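Below you'll find the structure, written out as structure tokens, and then a few comments.
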2 protein chains.
Amino acid sequence: MTALISIKKPLFSDDGLGYGPGGAGSMRKDIHNSNIPVRCVSCEVRHKGMCGALTADELLSLSAHTRLVTHDAGGELAGEKMPVESYATVISGVVKLTKTLEDGRQQIVGLQFAPDFLGRLHADENGVSAEAASDVHLCRVPKAAMERLVKSTPALAERLMNQTMRELDEARDWMVTLGRKTAAEKVASFLLLIATHLDPEAAGQSRRFDLPLSRADIADFLGLTIETVSRQMSKLKADGVISIVANRHIEVPKLARLKACCGA
Amino acid sequence: MTALISIKKPLFSDDGLGYGPGGAGSMRKDIHNSNIPVRCVSCEVRHKGMCGALTADELLSLSAHTRLVTHDAGGELAGEKMPVESYATVISGVVKLTKTLEDGRQQIVGLQFAPDFLGRLHADENGVSAEAASDVHLCRVPKAAMERLVKSTPALAERLMNQTMRELDEARDWMVTLGRKTAAEKVASFLLLIATHLDPEAAGQSRRFDLPLSRADIADFLGLTIETVSRQMSKLKADGVISIVANRHIEVPKLARLKACCGA
DNA sequence: CGCCGGTTTGATACTAATCAAGTTAAGTGG
DNA sequence: CCACTTAACTTGATTAGTATCAAACCGGCG
């Protein structure tokens, strides 16, 4: 476990989350839309995610238990066989879910972006290890409080089901990439994934972004080695599909061009 | 769609499903245990699965809608972009879920054994194509009836959630295999998967079974070619880890020995 | 300035894909 | 019943794509 800092005051004034109208008074009419940001009383941040399924009363009672916590990149949030003690919602940053073979070979089996929910309900262990890929802010909820709330709030259970099904879709999409794509297609697919997840708005042709993962992590995600990832990135750059502004900072002039490199 | 035959009379007297005590009178006390077989009034077969979450009344009302159907090996049950028209429970046989790239490269992203539930609730398309890997018996339920029942039966929704989470676990386990294991480890892992899924009882050291998948399907599952699968099977045979009684019929003298070949 | 982790680039080795015959098993029709 | 056909599988030779090993590069920081 790395150091984690508890913060009780608003943090994000200029990171795209911001404050706005609506907020704590919102009633259950928007329960089916997790894309509407809700002023979460508990962590004092306006964000999307599970909290949108809660009423003002429920949010208030939650606020007694939740904590906004920060993890530095590389920090371990949960071990593969570690008992689950709390759940969390990703507020900002990226969390990687990994599995490791006995001899050390590692595979990233999922990436969680804001506003994903972290942790498996009613399970002793989660089966995957969760690590902060970048610096991460989480809205943490104790195990018992969350489970109580889920039981009494069908809308929340429904959202969790929806997220689980989305994760299953993503896992299956990635199985195709792992099993049937070439190294070049894998790297292109990864860049496209990040480009589309990091700012879903700004749907313009061109995009610039910072990779939330190191080359080593990308390799673990794609089932490749660091060297192969590096070579394929260099090749995409040489072909003019991307430009590498800095190590982590990538620009994609034409998203369609990148898509064409993904093999499907 | 291939031909499907509707049958209204009991079929399985000697395939391990059989009839027995309990049955239609069972009340909701066993809702959390999908391993207790229940006499499903609808398809007139005693089986495990979702029906175990239903009361006698619910089973009876279901029986008006369900049909026991048969599909021959290779039959397509649902297309990747085909609208969902009905759900089903696998009674016997194996269903493969596949995804295909535009150029024809294919990847199996999941295998469903009895008593798995087939189909995604509240979705227009399922995102995967479902095919009968072997000859398959299904207990089919129309879309509307199933969705109505789920809404009114929280225990059923809970079971579906549990299955979805199990599928997610399996998908993630398989991502490790696809991304980080060698061809030899992949084939061994596949054989172990089948050996343990096909008869979960008979936990003895030695096992004999028929592969429900062709070499081509195995290759699509493992992200390999037919030739590589064949070679690795031959190697396992040469090493005495398995014996190939007939093309499809495999014997594993020591399961632990096979496990040791799986790389983790 | 020089160290250090992360990254890139290069040379070589090795695994699995591809191409190409064979072999076996199950039908099919004479 | 047996020749013929066909699909599924096995085996072999060669090639292509990645991994591995090794060295250089680069940016940040003490």
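Below, chains carry the letters A, B, ... as their sequence lines are ordered, and counting in each starts from 1. Note that this is a predicted model, so its numbers are computed, not measured.
Heavy-atom contacts of chain B under 4.0 Å fall on DNA chain C between two terminal nucleotides, which in 5' to 3' order are dA16(C) to dC19(C).
Between Phe221(B) and Trp174(B), the angle of the ring planes stays under 30°, which puts this pair in the parallel group of the 30/60° scheme.
Glu185(A) places its CD atom 14 Å from the C1' atom of dT18(D), with the value rounded to the nearest Å. With rounding to whole Å, Glu227(A) atom CD is found 9 Å from dC21(D) atom C1'. To the nearest angstrom, P of dA8(D) lies 16 Å from CE of Met233(B). For Lys181(A) and dT18(D), the NZ to P distance is 13 Å, given to the nearest whole Å. Distance Ile226(A) CD1 to dT18(D) C1': 14 Å, rounded to the nearest Å. With rounding to whole Å, Gln232(A) atom CD is found 13 Å from dA19(D) atom C1'. The nearest whole Å value for the distance from the CZ atom in Arg231(A) to the P atom in dT20(D) is 12 Å. Between Ile244(A) atom CD1 and dC26(D) atom P there is a gap of 14 Å when expressed in whole angstrom units.
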Please evaluate residues Ser189(A) and Lys181(A) with respect to the criterion side chain to side chain donor-acceptor pair (under 3.5 Å), reporting the C-alpha separation (whole Å), side-chain torsions for both, the decisive distance (0.1 Å), and the verdict. CA-CA 9 Å; Ser189(A) 301; Lys181(A) 290 192 185 175; 3.1 Å; yes

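When heavy atoms are screened at a 4.0 angstrom cut-off, Ser230(A) is found touching base atoms of the nucleic acid.
For the pair Gln232(B) (side chain) and Val229(B) (backbone), a donor-acceptor distance under 3.5 Å is absent.
Shortest non-hydrogen contact noted between Leu97(A) and Ala130(A) is CD2-CB, 3.8 Å. The two atoms that bring Gly223(B) and Arg180(A) nearest to each other are C-NH1, 3.5 Å, heavy atoms only. Nearest heavy atoms, Asp210(B) versus Leu198(B): O-CD2, 3.4 Å. Contact between Lys259(B) and Leu192(B) at its shortest, heavy atoms only, is CG-CD2, 3.6 Å. The two residues Lys186(B) and Thr177(B) have their closest heavy-atom pair at CE-O, 3.3 Å.
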Every protein N/O within reach of nucleotides 27-30 of chain D N/O, cut-off under 3.5 Å:
none

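Classification of Glu170(A) and Arg166(A) as a salt-bridged pair holds, one side-chain N sitting under 4.0 Å from a carboxylate O.
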